[in-house]
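Report on one structure; see the data block that follows.
Hydrogens, waters and symmetry mates are skipped; everything else that's a heavy atom, side chains included, is used.
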Amino acid sequence: MLSLMAATVIAAGQTFTCTPTRVWDGDGPVWCAEGPRLRIAGIAAREMDGTCRTHHPCPRSSGIQARDALVQILGGARGTSSSGHVLVRGPKLTCRSEGPAEGNRTAAWCRLPSGADLSCAMIRTRTVLRWDRYWKGPTCR
């Protein structure tokens, strides 16, 4: 049953809660205890091998630096899984789905408990870039 939940894609426009449990890279996926895999909307990070996908914004920071910045925003690392994911026990995020993203992920705009936008928080780390093609988020300050 857990594997079915992990593949849950939340329909566009729906609000949902995500309690992060593991992180792959700086723009996701982030595994949520509630089932979805989150792709953080409106931003682009390098891949973990240091490459950038064709036609994607390509930040200067490495994929590892972006992942580690996200892990810190989500409360810090709690270990590493055998597959290389960083384990977190993140705060509950309130998210609004933009619909499906590649690989059974839900693209979403999320807010931290403080009310801060997660995409903006990642942009402020300077490890990811705003992806104008998909940006529908707030004005980051």
Output the rest of the hydrophobic cluster of L87: all Ile, Leu, Val, Met, Phe, Trp and Tyr residues reachable through side-chain heavy-atom contacts under 4.5 Å, sorted by chain and number. none
Those residues at least two apart in sequence (or on a different chain) that pass side-chain hydrogen bond (donor to acceptor under 3.5 Å, both in side chains) with T19 are E34
How would you list, by chain and number, every residue that makes a ring-ring contact (aromatic ring centres under 6.0 Å, His included) with W135, sequence neighbours excluded? W109
Please, which pairs that meet salt bridge (Lys or Arg N to Asp or Glu O under 4.0 Å) have at least one residue in residues 115-128, sequence neighbours excluded? none
Between T106 (side chain) and P36 (backbone), is there a donor-acceptor pair under 3.5 Å? no
Name the atoms and distances for all side-chain donor-acceptor pairs under 3.5 Å in residues 65-76, with sequence neighbours left out.
{"from": "Q65", "atom 1": "OE1", "to": "S62", "atom 2": "N", "distance (Å)": "2.8"}
{"from": "Q65", "atom 1": "OE1", "to": "S62", "atom 2": "OG", "distance (Å)": "3.4"}

Does K136 reach the side chain of E98, with side-chain heavy atoms less than 4.5 Å apart? yes
Atom pair CZ/CG of R39 and N104 - distance to nearest 0.5 Å: 15.0 Å
Might you point out which heavy atoms bring P20 and V30 nearest each other, and give the distance in Å? CB-CG1, 3.7 Å
Any idea which heavy atoms bring P113 and P91 closest together, and the distance? CG-CB, 3.5 Å
Are any non-hydrogen side-chain atoms of P57 and R130 less than 4.5 angstrom apart? no
Pair listing, disulfide (SG to SG under 2.5 Å) test, anchored in residues 42-81, at least two apart: C52-C58
Does R78 CZ have over 12 foreign heavy atoms under 6.0 Å away? yes
Rounded to the nearest 0.5 angstrom, the OG1-CZ distance for T8 and R37 is 9.5 Å
Taking all atoms of both residues into account, what is the closest heavy-atom pair of P29 and R105, and its distance? CB-CD, 3.5 Å
Residues sharing W131's hydrophobic cluster, by side-chain heavy-atom contacts under 4.5 Å among ILVMFWY, directly or via others? Y134
What disulfide (SG to SG under 2.5 Å) pairs are there with at least one residue in residues 60-105, not counting sequence neighbours? C95-C110
Sequence neighbours left out, what pairs pass ring pair (Phe, Tyr, Trp, His ring centres under 6.0 Å) with at least one residue falling in residues 70-107? W24-H85, W31-H85
Quick one: side-chain hydrogen bond (donor to acceptor under 3.5 Å, both in side chains) partners of R111, sequence neighbours excluded? none
Pairing residues for S114 by the side chain to side chain contact (heavy atoms under 4.5 Å, CB included) criterion, not counting sequence neighbours: L112, A116
So which heavy atom on G63 is nearest to which on M48, and how close? O-SD, 3.6 Å
Tell me every residue that passes side chain to side chain contact (heavy atoms under 4.5 Å, CB included) with T51, counting only those two or more places apart in sequence or in another chain. E47, D49
Closest heavy-atom pair, V128 versus I123, reported as atoms and distance to 0.1 Å, is CG2-N, 3.7 Å
So which atom in A108 and which in L38 form the shortest heavy-atom distance, rounded to 0.1 Å? CB-CD1, 3.4 Å
Please round to the nearest 0.5 Å and tell me the distance separating atom CD1 of I40 and atom CG of L118. 4.5 Å
Just so I know, are the side chains of V86 and R22 near enough to count as touching, which here means a heavy-atom distance under 4.5 Å? no
